[in-house]
Amino acid sequence: MQRDVYEYAVIRVIPQMERGEQINVGILLYCQPRAYLCARVELDEARLRALDPAADAAQVRQALSAYELACGDEAGPLVRESLGSRFRWLTAPRSTVVQTSAVHAGLTSDPGAELARLFDRLVRL
């Protein structure tokens, strides 16, 4: 079974930048040899409200949906970019409520299964 290199980043929400508290809300995974780029997100509103009772969950969900849209084949702002370019753009450092972690790497024979494993381990409680 051939294993290929993949890269991933954790998608995080930091509702109050000055406090620096964050919750993991998704995984972004890219595997160049398999032409795979996918984001999976899930916002736990109770955890968001624990960090910031005034947080606008609808706006956070909209920002998170941009990650999923950017990975898809349908019309979106990055649809003409290569998967690698999209991954680099999505993981670029930014000072916004939604950010990604540093990029990490691993080996996998099934990027979809790896995405599910990382999501269960790093996002779900």
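Just so it is clear, the values below take in all heavy atoms, side chains as well, and ignore hydrogens, waters and symmetry mates.
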Between [X] and [Y], which heavy-atom pair has the shortest distance, and what is it?
| X | Y | result |
| --- | --- | --- |
| Ile27 | Leu115 | CG2-CD1, 3.4 Å |
| Leu107 | Tyr6 | N-CE2, 3.3 Å |
| Gly112 | Tyr36 | CA-OH, 3.4 Å |
| Cys38 | Cys71 | C-SG, 3.9 Å |

Would you mind listing every side-chain hydrogen bond (donor to acceptor under 3.5 Å, both in side chains) that reaches into residues 47-60, with sequence neighbours excluded?
Gln16-Asp52

Side chains of Gln22 and Met17: does their closest heavy-atom pair fall under 4.5 Å?
no

Working to the nearest 0.5 angstrom, can you tell me the gap between [X] [atom1] and [Y] [atom2]?
| X | Y | atom1 | atom2 | result |
| --- | --- | --- | --- | --- |
| Phe119 | Arg40 | CZ | CZ | 5.0 Å |
| His104 | Thr91 | NE2 | OG1 | 11.0 Å |
| Leu43 | Leu48 | CG | CG | 5.5 Å |
| Thr100 | Leu90 | OG1 | CG | 8.0 Å |
| Glu42 | Asn24 | CD | CG | 12.0 Å |
| Ile14 | Leu51 | CD1 | CG | 10.0 Å |

Got a sec: does the CZ of Arg94 have more than 12 other heavy atoms crowding it under 6.0 Å?
yes

Taking CD in Gln32 as the centre, count heavy atoms belonging to other residues, nucleotides or ligands within less than 6.0 Å. Is the count above 12?
no

Identify whether [X] and [Y] are in the same connected component of the hydrophobic contact network (ILVMFWY, side-chain heavy atoms under 4.5 Å).
| X | Y | result |
| --- | --- | --- |
| Leu37 | Val5 | no |
| Ile11 | Leu118 | no |
| Tyr8 | Ile23 | no |
| Tyr30 | Val10 | no |
| Leu29 | Val123 | yes |

Any donor-acceptor pair under 3.5 Å from Arg34 side chain to Ser109 backbone
yes

Side chain of Arg86, backbone of Ala70: donor and acceptor closer than 3.5 Å?
yes

List the steps, then state whether side chain to side chain contact (heavy atoms under 4.5 Å, CB included) holds for Glu7 with Val103.
CA-CA 6 Å; Glu7 299 172 83; Val103 174; 3.7 Å; yes

So, are Glu81 and Arg88 salt-bridged, with charged N and O less than 4.0 Å apart?
no

Picking from Leu64, Val60, Val13, what satisfies side chain to side chain contact (heavy atoms under 4.5 Å, CB included) with Val41?
Leu64

Just by distance, with hydrogens left out, do Gln2 and Asp4 show a side-chain donor and acceptor under 3.5 Å apart?
yes

